[in-house]
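In what follows, chains carry the letters A, B, and so on, assigned in the order in which the sequence lines appear, proteins first and then strands, with residues in each chain numbered from 1. Since the structure is predicted, the reported quantities are computational estimates derived from the model, not experimental observations.
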Number of protein chains: 2
Amino acid sequence: MKRPTVQDVAREAGVSPSTVSRALHTRGYASPDVRDRVRAAAEKIGYVLDHNARNLRSRTSTSIGVLISDLRNPFYADLAAGIEEELRAAEYQMVLVNDNADPAEEMRAAETLLAMRVPGVIVTPVTADCPRMLQDNGVHVVCADRELRRSGGDVVLSDNKAGARELTEHLIGLGHSRIGLLIDETKWSTGAGRLAGFRAAHVDADLTLDENLIAYTSFDAEAARRTTRDLLGQQPTAIISANNVLAQGALAELKDRRLKIPRQISLAAYDDVPWMSLVEPALTTVDQHTVELGRSCARLLLARIREELPTRRRIVRVAPRLIIRGSTGPAPRA
Amino acid sequence: MKRPTVQDVAREAGVSPSTVSRALHTRGYASPDVRDRVRAAAEKIGYVLDHNARNLRSRTSTSIGVLISDLRNPFYADLAAGIEEELRAAEYQMVLVNDNADPAEEMRAAETLLAMRVPGVIVTPVTADCPRMLQDNGVHVVCADRELRRSGGDVVLSDNKAGARELTEHLIGLGHSRIGLLIDETKWSTGAGRLAGFRAAHVDADLTLDENLIAYTSFDAEAARRTTRDLLGQQPTAIISANNVLAQGALAELKDRRLKIPRQISLAAYDDVPWMSLVEPALTTVDQHTVELGRSCARLLLARIREELPTRRRIVRVAPRLIIRGSTGPAPRA
DNA sequence: CTGTTAGCGCCTTCAC
DNA sequence: GTGAAGGCGCTAACAG
């Protein structure tokens with residue numbers, strides 16, 4: 001299956017290959033009539049540029065690597081959708097890889113992207129090694145959603161501390177003083193920020209936080225459910241789950257116990273995903289503007305690639321928004 | 001940022017560039033000791049293959065194009081996740097493009113993929129032009145989820161007719177004789193199949209289907225909600241929504257009306273997505289095995305690319321599975 | 001089993 | 001404003 005090349009277009013238009021190249025892409029270097037003739041010729045014989053040849057010649061590529069943990073989680077899907085939208089508008093392509101939050105997979109993917117000579121990668125990093133290795137090889141990196149110590153690269157984050165603080169304040173404002181926090185990780189900036197916001201709200205309100213109300217679990221709905229069961233032993237009047245996956249488990253457990261939400265117990269989540277407005281009562285949660293987060297990542301990366309930015313590392317913090325729905329209400333009288 | 005090339009590895013290992021190439025990739029064409037030496041050298045100087053150069057030379061690529069309508073819809077996200085999983089295992093990469101179900105975007109994306117010289121594309125086609133154009137240019141195409149008249153290419157489908165029939169039979173078995181169908185499109189094989197299954201179940205049960213019970217709407221939850229309102233005027237005792245988006249609208253309307261599900265009316269969906277098991281009552285629906293659908297697409301495409309298949313067009317039909325949950329129950333006494 | 005040679009298709013000098 | 005020449009990094013074809 002042989003496809004037409006610039007040579008063929010050149011012959012058809014009666015000009016040289018270099019003129020074809022200029023007429024088709026470089027701006028201003030060809031007279032208008034030649035340009036038209038070349039374009040017509042290209043169209044006529046069905047010429048399609050060869051990215052591989054162009055990339056080889058110019059040592060770049062318009063493919064951008066996107067490394068995420070789990071496309072089936074709406075958070076990552078939205079993030080990827082935002083990234084893709086922005087890349088497409090700029091005529092870049094998105095090479096999407098699921099690394100399942102596995103360091104080895106992540107590293108393998110990074111190597112593949114190196115081989116593709118992508119100019120940049122957006123990653124929700126599992127370890128700092130991956131972003132670092134990419135940068136050591138001259139690839140621009142934007143870390144999305146979390147910041148790792150010594151990962152380097154630009155970062156786009158949701159302001160987790162502010163979001164969690166606002167959410168916690170909302171509950172405190174409703175009279176809750178025993179608020180349980182269901183959380184999986186606090187090593188990454190994501191969980192750490194949410195925990196910090198949770199604590200900060202307590203401090204601001206002069207409330208002593210019973211450490212037993214912080215329930216550590218693993219990133220999986222079933223585990224969250226069991227942890228919620230334990231947490232209920234601490235007699236909280238409200239529960240915050242640190243992300244959308246944990247919220248599923250928490251909700252399942254509360255429903256299973258036939259606890260009236262929010263009359264007997266309030267439930268709030270972090271990271272708004274569609275199902276939270278479909279359940280009854282709908283869940284109070286923090287919207288991370290995930291799609292916009294993705295768009296920001298892409299814009300930042302593209303600016304880097306075009307060298308429009310000062311070398312200094314940039315950290316973009318996207319303000320989240322508290323969405324109050326029916327699942328949170330006044331604390332029950334003791 | 002100059003990266004090491006085969007030349008550099010060759011010098012380091014004391015062999016020729018072609019031997020490096022063979023030792024690194026082609027199997028069996030280099031003696032074990034040379035192979036080891038070359039690998040060690042490559043590792044030592046941090047050599048990474050250049051896909052662009054290889055693709056140019058060998059006129060192939062290991063990137064596969066995936067064209068879908070909307071990554072934020074869990075159906076497409078799951079499909080993409082299944083595809084990516086299988087491609088990654090085979091050391092292929094996924095270039096993912098959202099076309100927003102817009103024919104122009106779809107065509108633009110197809111041209112980009114042509115420029116990338118991808119050997120194959122998986123697409124949820126909006127028009128037949130896109131798959132056809134790709135095939136005319138020697139690209140293997142697998143159409144996912146729907147079959148378009150004269151699109152050509154292999155197809156991987158959920159057996160929509162069987163699924164809808166089984167779901168309808170389930171309702172008929174519960175005594176429902178006025179079942180409303182909320183559906184958006186019937187031009188594509190997807191909607192057409194579901195409608196056909198719905199009709200077939202009625203025929204099998206010797207039930208005359210009141211055509212007013214088929215409510216056409218557009219692909220959007222809000223529209224579905226309004227259509228549901230109208231449909232309720234026809235006094236159905238059960239409603240089937242033809243996909244996950246329409247189901248949101250239908251559920252919202254029923255809840256808004258304070259109709260007891262399933263006591264006053266049964267609700268069932270098509271295409272199982274996570275929220276359907278979180279709402280109360282959980283929705284009876286048909287699981288399309290979407291991730292597996294995606295895997296099938298990728299496997300089929302890869303087999304094509306490796307020329308392991310007879311030229312004849314292949315149509316894979318994945319059997320869906322009825323999931324009965326709490327939202328469907330006996331028809332209320334008239 | 002290994003080396004030499006010759007491009008893949010493009011674009012960027014450099015001349016004119 | 002346009003053409004000629006060369007080479008990006010790799011591997012297929014051909015010798016040896």
Using a 4.0 Å heavy-atom cut-off across all strands, classify B/Ser18 as base, sugar-phosphate, or nothing.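 Contact class for B/Ser18: base.
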
Under 4.0 Å between a side-chain N/O of [X] and OP1 or OP2 of [N], yes or no?
X       : N      : answer
A/Thr5  : C/dG9  : no
B/Lys2  : D/dG9  : yes
B/Arg59 : C/dG9  : yes
B/Ser16 : C/dG3  : yes
B/Ser31 : C/dT2  : yes
A/Thr19 : D/dG3  : yes
A/Arg54 : C/dC11 : yes

The criterion is side-chain contact (heavy atoms from CB on, under 4.5 Å); which residues satisfy it with A/Glu292, sequence neighbours excluded?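 Per chain and number, A/Glu292 pairs via side-chain contact (heavy atoms from CB on, under 4.5 Å) with A/His289, A/Arg295, A/Ser296, A/Arg299.
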
How long is the line joining [atom1] of [X] and [atom2] of [N], in whole Å?
X        : N      : atom1 : atom2 : result
B/Gln7   : D/dG9  : CD    : C1'   : 8 Å
A/Arg22  : C/dC10 : CZ    : C1'   : 13 Å
B/Arg117 : C/dG9  : CZ    : P     : 8 Å
B/Asp36  : C/dT2  : CG    : C1'   : 16 Å
B/Asn52  : D/dC8  : CG    : C1'   : 10 Å
A/Leu56  : D/dG7  : CG    : P     : 14 Å
A/Met116 : D/dC10 : CE    : C1'   : 16 Å
B/Leu24  : C/dT2  : CG    : P     : 14 Å

Kindly point out which of C/dC8, C/dG3, D/dG3 is positioned nearest to the side chain of A/Val15?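 Output: D/dG3.
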
Quick check for you: among D/dG9, C/dC11, C/dC10, whose closest atom lies nearest to any side-chain atom of A/His25?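 Shortest atom-to-atom distance from the side chain points to C/dC11.
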
Within this structure, what is the [atom1]-[atom2] distance for the pair [X] and [Y], rounded to the nearest 0.5 Å?
X        : Y        : atom1 : atom2 : value
A/Met94  : A/Leu87  : CE    : CG    : 7.5 Å
B/Ile64  : B/Ile305 : CD1   : CD1   : 3.5 Å
A/Arg117 : B/Arg3   : CZ    : CZ    : 4.0 Å

Let me spell it out: for each of A/Pro4 and B/Arg57, pick the nucleotide of DNA chain C with the closest heavy atom. Which residue's pick is nearer the 5' end?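 It is B/Arg57, whose closest nucleotide lies nearer the 5' terminus.
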
Has B/Glu308 got more than 12 heavy atoms of other residues, nucleotides or ligands less than 6.0 Å from its CD?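 Buried by this count: over 12 neighbours within 6.0 Å.
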
